[in-house]
K.L.:
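The structure is given below, and queries will be raised subsequently.
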Amino acid sequence: MAFNSVTQTLDPCQHTSESLPDNPDDHICSETTNPFSPESVANHESSLLDNPNGYLTTDARIERAWAHWKKLGEPKLIVAPMVDNSELPFRLLCRKYGAEAAYTPMLHSRIFSENEKYRSQEFTTCKEDRPLFVQFCANDPDTLLEAARKVEPYCDYVDINLGCPQRIAKRGNYGAFLMEKLPLVKSLVEKLALNLNVPVSCKIRLFPNLQDTLNYAKMLENAGCTLLAVHGRTRDEKDGKKIRANWDAIRAVKNALRIPVLANGNIRHMDDVTRCLEETGVDGVLSAETLLENPALFAGFRTVDWVSDGGDGIRDAKLDQADLVIEYLKLCEKYPVPWRMIRAHVHKMLGEWFRVHPHVRADFNAQSILSFEFLYGMVDRLRELGVSRPLYVKDV
């Protein structure tokens with residue numbers, strides 16, 4: 001279904017499959033789950049049991065953490081949480097190309113608890129969208145728990161964002177700006193660990209001092225965190241393209257903890273994945289920025305920027321970002337999301353193409369109201385202009 005213009009509020013749980021071709025490969029996901037329908041809420045409430053985590057010994061909690069991770073298949077290739085950029089259609093696209101688990105975008109726990117429209121627009125999922133981490137930012141334990149209880153039937157971890165370094169996080173008193181408020185952080189983790197049936201995970205950044213980071217990580221583990229993702233940069237190191245992530249620090253965290261640990265940073269292609277796993281000993285890796293440009297990263301595809309050694313042993317994969325854009329748009333037609341998300345993904349995936357033909361980018365930016373018809377036509381226009389930016393794979 002193509003829209004000449006779309007001005008209405010889209011229902012993210014509406015099933016709009018009539019636009020998709022009858023190719024089984026295109027139907028990679030079932031109907032979207034609406035977690036907030038009366039039926040879902042009733043089923044959730046009837047299934048809640050007293051959580052026994054508060055009575056477990058440390059050894060028992062660690063054993064349970066690993067049992068859960070192994071039950072999920074110990075996923076190693078994971079889509080990182082990205083504000084407005086790791087929504088359901090993008091997660092599904094990445095999963096098609098090798099991602100084994102994914103995080104939702106960061107959700108604001110207070111708004112999520114209070115605003116039904118925010119919940120229905122910002123959190124959608126389906127049965128194929130697993131394993132799934134649902135990430136919240138928060139600074140109040142009770143509010144966080146209220147939000148977490150709404151999503152726990154639909155995910156494998158409720159994740160606490162302790163790593164966002166942006167100004168909005170500073171203004172809102174969450175993310176990495178809780179690093180100086182350790183008692184509050186501890187209370188957030190404990191509140192969830194003692195009251196949810198789904199495990200609690202956390203994502204952090206490094207302190208400038210390694211020992212502070214290790215103390216922080218151990219505190220989270222002792223509070224009930226069952227999996228820790230570590231972004232290998234400090235709160236002030238925001239530019240991932242200029243500042244390399246510190247894998248040595250991540251390795252130190254992994255060696256200090258008894259729960260599964262994930263690494264985030266410096267993942268540009270699958271060779272980086274292999275090196276990161278070997279050098280840090282972590283249990284999985286997250287990618288964010290690189291996936292935005294190349295959602296097929298985990299399937300072994302790489303952009304021309306990362307074709308090393310003059311291209312020896314690398315061949316054209318007969319796939320490019322425009323192909324991925326088309327796949328993404330079809331998923332968005334089937335599982336609607338806010339247009340701001342679609343616009344951002346198209347910009348990222350076609351960035352190199354737009355640099356060759358900036359007038360096409362200007363026309364795109366001038367569209368205050370987007371439609372699928374316009375976006376499909378824009379891709380056709382770029383192809384007619386002779387733009388070619390193939391993705392590459394290693395020869396076997």
K.L.:
Should the pair R343 and F364 be classed as cation-pi, given the thresholds of under 6.0 Å to the six-membered ring centre and 45° from the axis?
P.N.:
yes
K.L.:
Can you pull out every side chain to side chain donor-acceptor pair (under 3.5 Å) where at least one residue sits in residues 276-293? Sequence neighbours excluded, please.
P.N.:
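Residue pairs with at least one partner in residues 276-293: K254-D283, E289-K348.
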K.L.:
Locate the shortest heavy-atom distance separating I267 from L297; write the atom from each residue and the value.
P.N.:
O-CD1, 4.0 Å
K.L.:
Quick one about N215 and Q211 (side-chain donor to acceptor, distance below 3.5 Å, no hydrogens or angles considered), yes or no?
P.N.:
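Yes, side-chain donor-acceptor contact under 3.5 Å.
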K.L.:
Should L192 and Y174 be regarded as members of a common hydrophobic cluster, given that ILVMFWY residues are connected when their side-chain heavy atoms come within less than 4.5 Å of each other, either directly or indirectly?
P.N.:
no
K.L.:
How long is the span from the CG atom in D323 to the CG atom in L391, to the nearest 0.5 Å?
P.N.:
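Between atom CG of D323 and atom CG of L391 there are 8.0 Å.
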K.L.:
Does CD1 in I326 sit with more than 12 non-hydrogen atoms of other residues, nucleotides or ligands closer than 6.0 Å?
P.N.:
yes
K.L.:
Rounded to the nearest 0.5 Å, how far does CZ of R244 lie from CG of N266?
P.N.:
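Rounded to the nearest 0.5 Å, the CG-CZ separation comes to 3.5 Å.
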K.L.:
Would you confirm whether N195, through its side chain, and K191, through its main-chain N or O, come within 3.5 Å as a donor-acceptor pair?
P.N.:
yes
K.L.:
Are I342 and F372 side-chain neighbours, meaning at least one heavy-atom pair lies under 4.5 Å?
P.N.:
yes
K.L.:
Taking NZ, NE, NH1 and NH2 as the nitrogens, is one of them in E128 or R95 under 4.0 Å from a carboxylate oxygen of the other?
P.N.:
no
K.L.:
Will you find, in the side chains of H108 and R110, an N or O donor that is under 3.5 Å from an N or O acceptor?
P.N.:
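No, R110 and H108 have no side-chain donor paired with an acceptor closer than 3.5 Å.
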K.L.:
If every non-hydrogen atom of L93 is compared with every non-hydrogen atom of L331, which pair is closest and at what distance?
P.N.:
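Smallest heavy-atom distance, with atoms named: N-CD1, 3.8 Å.
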K.L.:
Please check: side-chain N/O of E221 versus main-chain N/O of R258, any donor-acceptor pairing under 3.5 Å?
P.N.:
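At least one qualifying donor-acceptor pair exists.
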K.L.:
Taking the six-membered ring for Trp, are F301 and W306 closer than 6.0 Å centroid to centroid?
P.N.:
no
K.L.:
A side-chain contact here means heavy atoms from C-beta on lying under 4.5 Å apart; do L144 and S109 qualify?
P.N.:
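Yes, side chains in contact.
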K.L.:
Check whether any side-chain heavy atom of V189 lies under 4.5 Å from a side-chain heavy atom of C202, and answer yes or no.
P.N.:
yes
K.L.:
Please confirm whether the ring centroid of F354 lies under 6.0 Å from the ring centroid of H347.
P.N.:
yes
K.L.:
Classify the ring geometry between F133 and Y103 as parallel (under 30°), tilted (30 to 60°) or perpendicular (over 60°).
P.N.:
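Ring orientation of F133 relative to Y103: parallel.
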K.L.:
Of all residues at least two apart in sequence or in a different chain, which pass the salt bridge (charged side-chain N to carboxylate O under 4.0 Å, His left out) check with E63?
P.N.:
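Result, salt bridge (charged side-chain N to carboxylate O under 4.0 Å, His left out) vs E63: none returned.
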K.L.:
Any idea which heavy atoms bring V393 and G300 closest together, and the distance?
P.N.:
CG1-O, 3.7 Å
K.L.:
Has the side chain of E100 got a donor or acceptor atom that lies under 3.5 Å from a matching backbone atom of K76?
P.N.:
yes
K.L.:
Just how far is it from atom NZ of K117 to atom CD1 of I111, taken to the nearest 0.5 Å?
P.N.:
12.5 Å
K.L.:
Quick check: closest heavy atoms across L286 and N264, and the distance to 0.1 Å?
P.N.:
O-ND2, 3.4 Å
K.L.:
Identify the heavy atoms of L262 and L227 that sit nearest to each other, and give their distance.
P.N.:
CD1-CD2, 3.7 Å
K.L.:
Evaluate E122 against F112 for side-chain contact (heavy atoms from CB on, under 4.5 Å), listing each step before the verdict.
P.N.:
CA-CA 9 Å; E122 303 301 319; F112 195 88; 5.7 Å; no
K.L.:
With a 4.5 Å cut-off on side-chain heavy atoms, are K203 and D159 touching?
P.N.:
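Yes - at least one pair of side-chain heavy atoms lies under 4.5 Å apart.
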K.L.:
Without swapping roles, check the side chain of R205 against the backbone of T234 for a donor-acceptor pair under 3.5 Å.
P.N.:
yes
K.L.:
Do R268 and D305 sit within salt-bridge range, that is, some charged N less than 4.0 Å from a carboxylate O?
P.N.:
no
K.L.:
Are E87 and H345 linked by a side-chain donor-acceptor pair shorter than 3.5 Å?
P.N.:
yes
K.L.:
Would you say L382 ends up clustered with F374 if hydrophobic residues are merged whenever their side chains have heavy atoms under 4.5 Å apart, either directly or through other cluster members?
P.N.:
yes
K.L.:
Please answer whether the main-chain N or O of G172 pairs with a side-chain N or O of N139 as donor and acceptor at a distance below 3.5 Å.
P.N.:
yes
K.L.:
Determine whether the side chains of K181 and N173 contain a donor N or O and an acceptor N or O closer than 3.5 Å.
P.N.:
yes
K.L.:
Quick one: do R235 and E180 make a salt bridge, cutoff under 4.0 Å?
P.N.:
yes
K.L.:
Check for me, please, whether L257 and L277 land in the same ILVMFWY cluster - side-chain distances under 4.5 Å, paths through other members count.
P.N.:
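The answer is yes; both residues are in one hydrophobic cluster.
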K.L.:
Measuring only between side-chain heavy atoms, which start at C-beta, is V151 closer than 4.5 Å to R119?
P.N.:
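No, too far: nothing below the 4.5 Å cut-off.
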K.L.:
Any Lys/Arg nitrogen of D84 or R340 sitting under 4.0 Å from an Asp/Glu carboxylate oxygen of the other?
P.N.:
yes
K.L.:
Donor-acceptor pair, distance only, cut-off 3.5 Å: does the side chain of S201 make one with the backbone of Y157?
P.N.:
no
K.L.:
For the hydrophobic clusters of this structure (ILVMFWY residues joined by side-chain heavy atoms under 4.5 Å, transitively), does one cluster hold both V337 and M106?
P.N.:
no
K.L.:
State whether the side chain of Q121 and the backbone N or O of P338 hold a donor-acceptor pair below 3.5 Å, judged by distance alone.
P.N.:
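No, the answer is negative, given that no donor and acceptor are paired below the 3.5 Å cut-off.
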K.L.:
Which atoms form the tightest heavy-atom contact between Y328 and P89, and what is the distance?
P.N.:
CE1-CB, 3.8 Å
K.L.:
Give the intermediate values and the outcome of side-chain contact (heavy atoms from CB on, under 4.5 Å) for residues Y335 and L92.
P.N.:
CA-CA 10 Å; Y335 304 104; L92 293 175; 4.1 Å; yes
K.L.:
Can you list the steps and then say if M82 with F90 is a side-chain contact (heavy atoms from CB on, under 4.5 Å)?
P.N.:
CA-CA 11 Å; M82 295 172 276; F90 187 73; 3.9 Å; yes
K.L.:
Can you confirm whether the side chains of N246 and R251 place a donor and an acceptor under 3.5 Å from each other?
P.N.:
no
K.L.:
Checking the side chain of W247 only, and the main-chain atoms of G265 only, is there a donor and an acceptor separated by less than 3.5 Å?
P.N.:
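Side chain of W247 to backbone of G265: a pair is present.
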K.L.:
I'd like to know if K330 and E327 make a salt bridge, using a cut-off of under 4.0 Å between side-chain N and carboxylate O.
P.N.:
no
K.L.:
Please find out if less than 6.0 Å separates the ring center of Y97 from that of F298.
P.N.:
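Ring centres of F298 and Y97 not closer than 6.0 Å.
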K.L.:
Are the side chains of V185 and M179 in contact, using a 4.5 Å heavy-atom criterion?
P.N.:
no
K.L.:
Flag the pair Y216 / L214 as yes when at least one side-chain heavy-atom distance between them is below 4.5 Å, and no otherwise.
P.N.:
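The answer is no; the side chains never approach within 4.5 Å.
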K.L.:
Applying salt bridge (Lys or Arg N to Asp or Glu O under 4.0 Å), run through D156 and K71 and close with a yes or a no.
P.N.:
CA-CA 10 Å; D156 301 285; K71 182 181 178 181; over 6 Å; no
K.L.:
T274 side chain to M270 main-chain N or O, any donor-acceptor pair under 3.5 Å?
P.N.:
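It does hold such a pair.
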K.L.:
Is I204 linked to L184 within one hydrophobic cluster, defined over Ile, Leu, Val, Met, Phe, Trp and Tyr using a side-chain heavy-atom separation of less than 4.5 Å?
P.N.:
yes
K.L.:
When rounded to the nearest 0.5 angstrom, what is the spacing between CG in N255 and CD1 in I250?
P.N.:
12.0 Å
K.L.:
So if I apply the salt bridge (charged side-chain N to carboxylate O under 4.0 Å, His left out) rule between D320 and each of R383, R302, R389, which one comes out positive?
P.N.:
R383
K.L.:
Rounded to the nearest 0.5 Å, how far does SG of C155 lie from CZ of R130?
P.N.:
6.5 Å
K.L.:
Using a strict 4.0 Å threshold on nitrogen-to-oxygen distance, state whether R381 and D363 make a salt bridge.
P.N.:
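Yes, charged N to carboxylate O under 4.0 Å.
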K.L.:
Passes side-chain contact (heavy atoms from CB on, under 4.5 Å), V158 versus V200? Steps please.
P.N.:
CA-CA 5 Å; V158 171; V200 181; 5.5 Å; no
K.L.:
I need the S371 OG to Y376 OH distance, nearest 0.5 Å.
P.N.:
10.5 Å
K.L.:
Under 3.5 Å, is there a donor-acceptor pair between the side chain of Y154 and the main chain of L132?
P.N.:
no
